[in-house]
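As the structure is a prediction and not an experimental result, all values here were calculated from the model. Every chain is numbered from 1 and lettered A, B, ... according to where its sequence line falls, protein lines coming before strand lines.
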2 protein chains.
Amino acid sequence: SETIFVGQYLVERLVQLGVTKMFGVPGDFNLGFLDFVEDHSKIEWVGNCNELNAAYAADGYARVKKGSLGVLTTTFGVGELSAMNGIAGAFSEHVPIVHIVGVPSTSQQKNKPMLHHTLGDGRYDAYYRAATQFTIAAASLQAKETAAAEIDRVLTECLVMARPVYLMVPTDLAYERIPSYRLKTPINAEPPQNDPDVEEFALDEIVKLVETAEQDAIILVDACAIRHNVIDEVSELVKRTGFPVYAAPMGKTAVDEAYERYGGIYVGSISHPDIKEKVESAKLILSIGALKSDFNTGNFTYHIPASRTVELHSDHTTVQYAEFPGIGMKRLLPKLTARLQPFRDDARELSVPPFVFPVPTEDTDIITQSWLWPRMGQFFRQKDIIVAETGTSSFGVLEVPFPTGAMFVSQILWGSIGWTVGSTLGVAMAGQDLGYKRTILFIGDGSLQLTVQELSVMIRSGVTPIIFVLNNRGYTIERYLHGMERKYNDISNWKWTHLLNTLGGEEGKTCQSHLVRNKAELSALLDDTTFASANKIQLVEMLMDPRDAPSALKRQAELSGKTNRYVAELPSGIGEAV
Amino acid sequence: SETIFVGQYLVERLVQLGVTKMFGVPGDFNLGFLDFVEDHSKIEWVGNCNELNAAYAADGYARVKKGSLGVLTTTFGVGELSAMNGIAGAFSEHVPIVHIVGVPSTSQQKNKPMLHHTLGDGRYDAYYRAATQFTIAAASLQAKETAAAEIDRVLTECLVMARPVYLMVPTDLAYERIPSYRLKTPINAEPPQNDPDVEEFALDEIVKLVETAEQDAIILVDACAIRHNVIDEVSELVKRTGFPVYAAPMGKTAVDEAYERYGGIYVGSISHPDIKEKVESAKLILSIGALKSDFNTGNFTYHIPASRTVELHSDHTTVQYAEFPGIGMKRLLPKLTARLQPFRDDARELSVPPFVFPVPTEDTDIITQSWLWPRMGQFFRQKDIIVAETGTSSFGVLEVPFPTGAMFVSQILWGSIGWTVGSTLGVAMAGQDLGYKRTILFIGDGSLQLTVQELSVMIRSGVTPIIFVLNNRGYTIERYLHGMERKYNDISNWKWTHLLNTLGGEEGKTCQSHLVRNKAELSALLDDTTFASANKIQLVEMLMDPRDAPSALKRQAELSGKTNRYVAELPSGIGEAV
Ligand SMILES: Cc1ncc(C[n+]2csc(CCOP(=O)(O)OP(=O)(O)O)c2C)c(N)n1
Ligand SMILES: Cc1ncc(C[n+]2csc(CCOP(=O)(O)OP(=O)(O)O)c2C)c(N)n1
Ligand SMILES: [Mg+2]
Ligand SMILES: [Mg+2]
């Protein structure tokens with residue numbers, strides 16, 4: 001009977017699940033485990049600059065590499081806690097990450113000496129307790145007899161629930177030998193079958209509603225369609241039924257945005273008026289994978305009553321007011337497609353507003369938000385992955401139609417700035433595995449300051465994203481929410497075009513930086529085929545106005561302003577309203 | 001009767017406690033509160049690049065500004081969780097920080113909408129729950145009637161316990177009006193009086209032990225003497241009794257290192273042999289503020305039996321095996337000094353090894369660890385604050401005698417790398433308040449990569465530290481612990497001398513960078529009076545050998561190696577021992 005070290009077992013499982021990169025930072029409690037990683041030919045250790053960035057990278061990797069997961073390895077206390085915001089974001093946004101933490105040996109955990117990286121009061125369970133707030137499952141490996149089963153349990157949960165899990169690997173246990181036979185049975189992360197009677201009942205109900213709606217039914221796709229990986233099923237549904245289809249911001253590119261029956265992005269009251277009208281007047285809305293957060297719904301301004309809604313989720317279905325727990329969309333969707341296909345000819349009579357965003361003619365040379373985004377639309381190509389940071393970027397890029405096969409990546413619910421720098425690294429690496437061509441990042445100057453060092457890991461590992469930095473001298477999105485003229489919304493102006501060279505690149509050789517001060521310079525750059533070919537890492541600093549914002553952000557800010565009541569009540573001078 | 005906004009009340013309390021800087025990052029849930037900060041003339045908002053760095057800065061500030069505290073302000077979820085490792089470090093190392101978190105309004109906290117920065121599952125208490133693992137007190141302000149009392153409660157705990165506290169300030173509550181009269185009563189953070197009978201009894205016991213020891217008693221000072229601010233009391237004790245005095249690493253500079261009866265650093269088995277002999281053979285050890293972590297005790301190799309030890313702590317005293325709960329050192333020390341003063345003449349007969357570290361003559365030009373640290377000793381001056389990052393730096397600088405009035409700052413128990421960059425910012429700012437002259441940082445190339453952006457905040461705010469970067473191409477301390485040749489211990493080589501200019505400085509004007517390749521270049525630089533005057537921020541890149549380490553680190557690594565048993569059991573090729 002063959003044996004294997006516990007640490008090796010874990011690595012093998014990850015490799016079986018398609019993991020090719022592991023992110024993190026070494027520390028003395030995980031070094032032994034990292035030997036297994038470094039020695040494995042099918043997985044690569046990507047040493048990050050810090051743990052938060054590493055968590056972000058694992059998140060970006062997992063988003064692109066659907067069906068697989070992101071892996072983060074950190075060290076006890078100092079490392080794992082640095083990554084906590086990254087893990088919580090993955091929890092919030094339904095991204096599967098396994099967080100492997102190298103921890104003191106099983107005997108140290110019993111005797112609790114005052115080791116470095118401890119709290120000094122003998123509590124060895126505090127990090128575990130904190131971690132369980134932000135993970136869907138956790139395991140603290142303590143014995144070799146149960147280690148493999150525990151590893152399999154958390155990996156399965158991670159994949160099925162599409163949320164992070166926490167795994168403590170003690171230094172000694174990583175080097176315990178266990179039988180390897182379990183590895184022959186692959187981890188099964190398929191969602192369970194739906195109860196056939198309930199499923200049939202729900203399908204009948206949905207079909208009845210579609211009939212009643214006559215041809216006036218639309219499909220609305222959202223975040224969880226992507227995260228719970230039903231993109232192919234949705235694509236079948238959409239194409240075979242011909243129903244008009246729209247996406248919420250977090251569902252952008254779940255459906256091909258060049259598809260003729262795709263109408264664009266619905267965000268409640270801040271939607272384009274045509275889209276708002278079409279969606280809100282439809283007699284039936286088939287909502288797939290909805291995640292109704294404030295920024296994903298135009299501050300909760302959906303005007304769609306439950307009586308006209310069917311919602312499909314990963315683990316339940318609702319039809320008008322009726323809930324069907326346990327009826328998950330992965331299994332339901334193909335059956336629904338078969339049942340709805342007959343409506344196709346009628347459905348196709350329903351008009352869909354074309355999703356276009358023409359470049360406006362403006363009488364200023366300055367790069368405006370109103371011009372920038374449609375102009376970028378002309379630059380995007382098939383097989384691009386486009387990452388947008390929270391800020392004017394995430395609002396601006398939403399309205400740009402993406403070409404077939406392009407992917408949108410953003411963190412609209414969690415909204416932790418700096419996230420895109422780490423995640424772009426992971427996205428670009430996963431993109432390489434899957435044949436994507438370019439990774440394009442839009443990020444504000446403020447956000448880039450949080451996590452800038454990860455550019456150096458991109459340089460070292462040879463990924464070649466194009467990074468557009470919107471230099472508007474501060475936190476513009478915040479200026480719109482509160483404090484337009486406040487100093488706390490200002491930031492230091494860096495020499496942005498020196499960054500790549502300073503952080504380990506060789507300007508002109510392994511990296512290229514560009515400054516664009518106006519529309520003509522930016523247009524010329526975008527039209528330059530060498531630039532567009534993206535065969536080295538590039539950074540483009542774009543000079544923009546601190547008080548300029550995409551119209552969707554202005555509308556969102558107005559809506560939030562109403563919620564932030566305190567601003568209006570103030571005596572003048574204290575806390576100006578915007 | 002006068003009223004004040006709750007947010008203003010909080011700011012006033014902080015100002016009363018001597019706080020001049022507030023660290024953090026804005027976010028839409030704290031912007032309203034930040035207006036009060038920006039509008040106050042006695043406190044300054046230091047916008048940091050990210051929240052972890054801000055927490056580190058608050059930590060550094062609090063360490064220097066004894067009796068006051070560090071203040072960190074972040075936003076709900078994304079901000080506060082990013083800072084968690086910084087707060088946990090302050091908990092571990094007994095540093096008072098108040099972490100103010102701007103959170104959704106009280107009504108949002110009741111209705112729990114899916115706001116951005118939430119976990120998407122309706123849990124609004126998860127961050128609070130996580131925070132309580134790493135704070136000594138927490139308050140979630142919910143009503144204006146109790147807000148002021150709650151603020152006072154957590155601030156008092158923070159100061160008395162010298163550990164971080166957590167304070168949630170909802171957007172609406174920051175703008176509720178409350179009576180201001182409480183502000184007239186200052187916060188009382190004095191430690192309580194000791195029970196006079198118990199105290200007297202303990203004093204008698206200690207005096208008896210000193211008598212029995214004849215003149216062979218020594219004093220050993222450690223971390224909590226600094227953190228619980230008994231430096232003046234210790235200085236009195238030391239000078240009036242004439243007992244030989246030594247310090248643990250975390251107690252370095254609690255006692256004037258130029259004092260003639262000071263013998264240097266005791267770290268168990270890795271101490272200099274003379275020091276080890278003197279301390280371990282003493283008949284009585286008066287230990288003050290001990291914190292016996294692995295790196296602070298030479299991996300738990302103290303050879304001092306309890307029968308020969310008296311330990312004074314902030315909240316208890318032990319005499320041999322007897323414990324006296326509630327007898328705290330702040331009150332006890334002056335009385336102890338009075339009782340022990342009569343032993344002075346005898347005590348002074350006991351010889352103390354001189355604490356010196358001569359610069360060796362070596363036949364290599366390379367900057368070696370054995371040469372670097374004593375050479376730096378010649379550079380240090382009175383009123384320097386010397387910050388050392390975990391790595392070869394923290395081990396190397398320990399053995400250097402500091403001049404009178406110089407302060408040592410390091411994070412020996414928590415050991416989170418990158419910490420010194422943020423904390424140097426806070427240290428330098430607090431140093432300005434207190435008349436310190438220079439702030440000098442020693443940091444490894446690996447550590448600087450975690451938190452490098454905070455250099456830009458130093459530049460913007462005009463503090464002028466000298467930053468020595470030990471460029472040894474990776475994680476040397478880790479190489480000594482495990483994986484000397486492993487790739488995971490390598491890092492990207494940056495253009496270190498470009499950093500300040502890239503991150504907002506003007507090379508030669510507002511900042512100055514230097515590369516030193518050998519001993520002669522470094523010595524010349526140290527002797528340059530312009531350089532030494534430190535009137536602009538400076539960075540010195542020092543080229544060093546990846547396999548060179550201070551001797552104390554080598555000894556520590558040997559001791560840890562014995563604990564990391566797994567290394568030895570391995571078949572060859574998997575996980576080489578060092
Ligand atoms: C980790 C974290 N800290 C703070 C915030 C609050 N915040 C949201 S957007 C923003 C400013 C972003 O500015 P920038 O990246 O320059 O974008 P712009 O809107 O100027 O394009 C801040 C500070 C956050 N979301 N996440
Ligand atoms: C936040 C955090 N992550 C990881 C570690 C593990 N760790 C301890 S020391 C070290 C390497 C430090 O390297 P460097 O700063 O270059 O110092 P050197 O020993 O080379 O002088 C690492 C990665 C840690 N202590 N803290
Ligand atoms: Mg900006
Ligand atoms: Mg190094």
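For the residue pair A:Y488 and B:D35, a side-chain donor N or O sits within less than 3.5 Å of a side-chain acceptor on the partner. Judged purely by distance below 3.5 Å, without hydrogens or angles, the side chains of A:T171 and A:S105 never pair a donor atom with an acceptor atom.
To the nearest 0.5 Å, atoms CG (A:L81) and NE2 (A:H117) are separated by 11.0 Å. In this structure, the separation between CZ on B:R129 and CD on A:Q133 is 6.0 Å, given to the nearest 0.5 Å.
In terms of heavy-atom pairs under 4.5 angstrom with chain A, the leader among B:N50, B:V78, B:V457 is B:V78. Most heavy-atom pairs under 4.5 Å with chain B, from the set A:G27, A:G47, A:G79: that is A:G27. For chain B, the option among A:S416, A:G89, A:G418 with the highest count of heavy-atom pairs below 4.5 Å is A:S416. Options A:G86, A:A130, A:A131 differ in how many heavy-atom pairs under 4.5 Å they form with chain B, and the most are formed by A:A130. Of the listed residues (A:M84, A:E38, A:Q449, A:H498), the one with the most heavy-atom contacts under 4.5 Å to chain B is A:E38. The residue among A:G504, A:S492, A:G77 with the most heavy atom pairs within less than 4.5 Å of chain B is A:S492. With chain A as partner, the option from B:T390, B:V25, B:N85, B:D490 having the largest number of non-hydrogen pairs under 4.5 angstrom is B:N85. With chain B as partner, the option from A:R123, A:R460, A:M114 having the largest number of non-hydrogen pairs under 4.5 angstrom is A:M114. Here B:S293 is the residue among B:G446, B:S293, B:S107, B:G505 with the most heavy-atom pairs under 4.5 Å with chain A.
In this structure, the portions of A:N501 lying under 4.5 Å from any heavy atom of chain B include both its backbone and its side chain. Neither the backbone nor the side chain of B:E93 comes within less than 4.5 Å of any heavy atom in chain A. Contact annotation for B:N296: neither backbone nor side-chain heavy atoms come within less than 4.5 Å of a heavy atom of chain A. Neither the backbone nor the side chain of A:E176 comes within contact range of chain B, judged by heavy atoms closer than 4.5 Å. For chain A, no part of B:V37 is nearby; none of its heavy atoms comes within less than 4.5 Å. Proximity to chain A (any heavy atom under 4.5 Å) is shown, for B:T118, by both the backbone and the side chain. Heavy-atom distances place the side chain of B:L52, and not its backbone, under 4.5 Å from chain A. Heavy atoms of B:W45 lying under 4.5 Å from chain A belong exclusively to its side chain.
Remark: B:T132 pairs with B:Y128, B:A138 by the side-chain contact (heavy atoms from CB on, under 4.5 Å) rule, at least two apart or across chains.
Looking at B:R486 and A:D39, a side-chain N of the basic residue comes within less than 4.0 Å of a carboxylate O on the acidic one, giving a salt bridge. Of the charged side-chain nitrogens involved, none lies within less than 4.0 Å of a carboxylate oxygen, so that A:K487 and B:E44 do not count as a salt-bridged pair. Between A:R163 and B:D121 no salt bridge is recorded (no basic side-chain N to carboxylate O distance below 4.0 Å). A salt bridge links A:K495 with B:E506; the closest basic N to acidic carboxylate O contact falls under 4.0 Å.
In the displayed structure, A:M161 atom CE is contacted under 6.0 Å by at most 12 heavy atoms of other residues, nucleotides or ligands.
Taking the ring centroids of A:H116 and A:F29, they lie under the 6.0 Å cut-off.
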